[in-house]
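What follows is a short report on a single structure.
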Amino acid sequence: MDDSKGTDGSLLAISDLHVAYPENRAFVEGLRPDDDGDWLLVAGDVGERISDIEWALGLLNERFETVVWAPGNHELWTPHHDASQLRGDDRYRQLVQLCRRLGVITPEDPYPVWRGAGGPVTVAPLFVLYDYTFRPAHLSRAEALAMARESGVICTDEFFLHPHPYPSRADWCQARLRETERLLAARDPRLPTVLVNHFPLVREPTDVLYHPLFAQWCGTEGTADWHLRYRATAVVYGHLHIPRTSWHDGVRFEEVSLGYPHERRPRHRERPLRRILPYPRTGGSAEHSMGPGRPRDRGQT
């Protein structure tokens with residue numbers, strides 16, 4: 001990809017499209033760029049079935065100048081009703097190849113450079129899982145998982161997200177941390193970054209979860225300083241279904257999820273695509289929250 005030219009338009013973002021829901025599929029069908037030069041960052045959870053993921057990313061790639069994708073946990077599920085029964089890293093690699101056929105940029109591709117307004121910045125899609133370190137400090141991993149099971153707050157990943165060929169999801173996460181750090185270290189250090197990951201890179205956004213024990217499926221302490229270490233202008237994430245803007249160490253974090261239809265209805269409006277760059281500065285760092293909401297009660301994330 002030639003990233004040397006400048007571009008008009010904006011750097012936009014969304015996540016958690018969940019296109020298996022007819023209302024969400026219709027929402028995606030209606031998405032259009034405001035400008036021919038708009039890029040779209042898709043921070044995971046497009047869907048569970050390969051066919052749905054291909055449909056959505058293919059449609060968006062036809063409409064936006066560039067589409068950048070980072071996988072969510074739902075894409076990595078192996079549901080019984082999917083034609084593909086690949087598991088774990090094999091499924092991830094299948095998705096990478098699918099995106100490459102479509103022309104969508106993945107975490108395995110060279111990071112593109114946004115040279116439009118607010119740039120230049122390196123746009124870095126990340127694939128970093130979770131390792132249960134976002135659990136209460138006084139609990140061991142086994143204790144936190146047991147308490148979650150007892151209270152009925154269990155992530156569906158425990159049943160459908162297989163870590164093959166790694167012994168556990170935590171081991172897969174550690175491998176992804178090492179690989180992603182290698183890729184980020186190889187970027188042009190002169191440029192700031194926009195980091196795109198399905199899970200929040202810092203723990204603080206999970207503090208508003210209705211079920212605090214669910215946080216253990218929401219990220220890893222291994223990324224806690226990445227927004228500083230890799231000079232992030234902005235960090236884009238989803239997963240929590242609590243769209244808002246927050247600030248950590250002076251860095252803007254954008255939760256950009258569309259979420260499930262029943263989560264949007266109380267707000268009486270569809271959330272637009274979030275503009276990441278150029279960022280309209282309004283003279284303050286106020287958090288723009290769509291409301292604290294209730295993330296999935298029983299592991300729907």
Side-chain angles (χ1 to χ4, degrees), residues 1-5 7 9 11-20 28 31 33 36-79 82-115 121-129 161-166 172 175-188 193-199 236-238 256 276:
M1 164 178 190
D2 180 7
D3 60 17
S4 62
K5 62 180 181 178
T7 182
L11 190 62
L12 306 172
I14 198 166
S15 73
D16 297 80
L17 296 172
H18 297 292
V19 298
V28 172
L31 284 178
D36 289 342
D38 286 349
W39 287 23
L40 183 61
L41 313 179
V42 182
D45 276 11
V46 174
E48 295 84 34
R49 294 188 300 182
I50 296 292
S51 59
D52 283 344
I53 299 165
E54 181 175 18
W55 170 81
L57 291 179
L59 179 68
L60 295 173
N61 196 60
E62 291 174 358
R63 295 176 175 174
F64 291 83
E65 182 178 272
T66 298
V67 174
V68 178
W69 168 79
N73 51 316
H74 278 237
E75 283 104 335
L76 300 174
W77 286 4
T78 306
D82 194 3
S84 172
Q85 289 298 295
L86 293 178
R87 296 183 169 202
D89 190 65
D90 290 340
R91 184 174 179 90
Y92 170 60
R93 303 296 167 178
Q94 179 185 23
L95 291 166
V96 168
Q97 292 305 314
L98 167 65
C99 286
R100 286 174 171 170
R101 290 198 303 272
L102 296 173
V104 172
I105 296 170
T106 79
E108 305 305 311
D109 298 313
Y111 296 148
V113 175
W114 166 258
R115 298 189 182 278
V121 297
T122 298
V123 178
L126 314 178
F127 171 32
V128 180
L129 276 165
L161 203 167
H162 306 283
H164 175 81
Y166 299 92
W172 193 6
R176 289 305 312 179
L177 284 170
R178 292 190 295 270
E179 174 63 9
T180 307
E181 286 176 327
R182 182 187 69 80
L183 294 171
L184 286 168
R187 81 197 190 287
D188 184 344
T193 64
V194 169
L195 302 178
V196 185
N197 192 54
H198 181 62
F199 305 97
V236 175
Y237 69 99
V256 298
I276 306 304

* To do: Please report the C-alpha distance between Leu11 and Val194 in whole Å, then the side-chain angles of each, then the deciding distance to 0.1 Å, and finally whether the side chain to side chain contact (heavy atoms under 4.5 Å, CB included) criterion is met.
  => CA-CA 10 Å; Leu11 190 62; Val194 169; 4.1 Å; yes
For the atom pair [atom1] ([X]) and [atom2] ([Y]), what is the distance rounded to the nearest 0.5 Å?
| X | Y | atom1 | atom2 | answer |
| --- | --- | --- | --- | --- |
| Leu76 | Leu86 | CG | CG | 12.0 Å |
| Ser84 | Gln94 | OG | CD | 3.5 Å |
| Leu57 | Thr106 | CG | OG1 | 11.0 Å |
| Leu31 | Leu12 | CG | CG | 10.0 Å |
| Asn61 | Leu40 | CG | CG | 9.5 Å |
| Arg178 | Glu181 | CZ | CD | 9.5 Å |

### Query
Under 4.0 Å between a Lys/Arg side-chain N and an Asp/Glu carboxylate O for Arg63 and Asp36?
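Salt bridge absent between Arg63 and Asp36.
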Taking the basic N atoms (NZ, or NE/NH1/NH2) and the acidic carboxylate oxygens, is any pair closer than 4.0 Å for Glu108 and Arg176?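 Looking at Arg176 together with Glu108, the answer is yes, because their closest N to O distance falls below 4.0 Å.
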query = Judged by modelled atom types alone, do Trp39 and Glu65 share a side-chain donor-acceptor pair under 3.5 Å?
reply =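 Trp39 vs Glu65: donor-acceptor pair found between side chains.
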Is there a donor-acceptor contact under 3.5 Å linking the side chains of His164 and Asp89?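 No donor-acceptor contact under 3.5 Å links the two side chains.
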Going by side chain to side chain contact (heavy atoms under 4.5 Å, CB included), Leu126 matches just one of Thr180, Leu177, Val196. Which one?
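Answer after filtering Thr180, Leu177, Val196: Thr180.
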Donor-acceptor pair, side chain of [X] and main chain of [Y], under 3.5 angstrom:
| X | Y | result |
| --- | --- | --- |
| Arg187 | Leu184 | yes |
| Asp45 | His74 | yes |
| Asp52 | Arg49 | no |
| Arg91 | Trp77 | yes |
| Glu75 | Val46 | yes |
| Glu48 | Asp82 | no |

Does the pair Leu183 and Tyr111 meet the rule for a side chain to side chain contact (heavy atoms under 4.5 Å, CB included), with working shown? CA-CA 9 Å; Leu183 294 171; Tyr111 296 148; 3.4 Å; yes
Near-ring test Phe127/Tyr92, centroid separation under 6.0 angstrom:
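Aromatic pair counts; centres sit under 6.0 Å.
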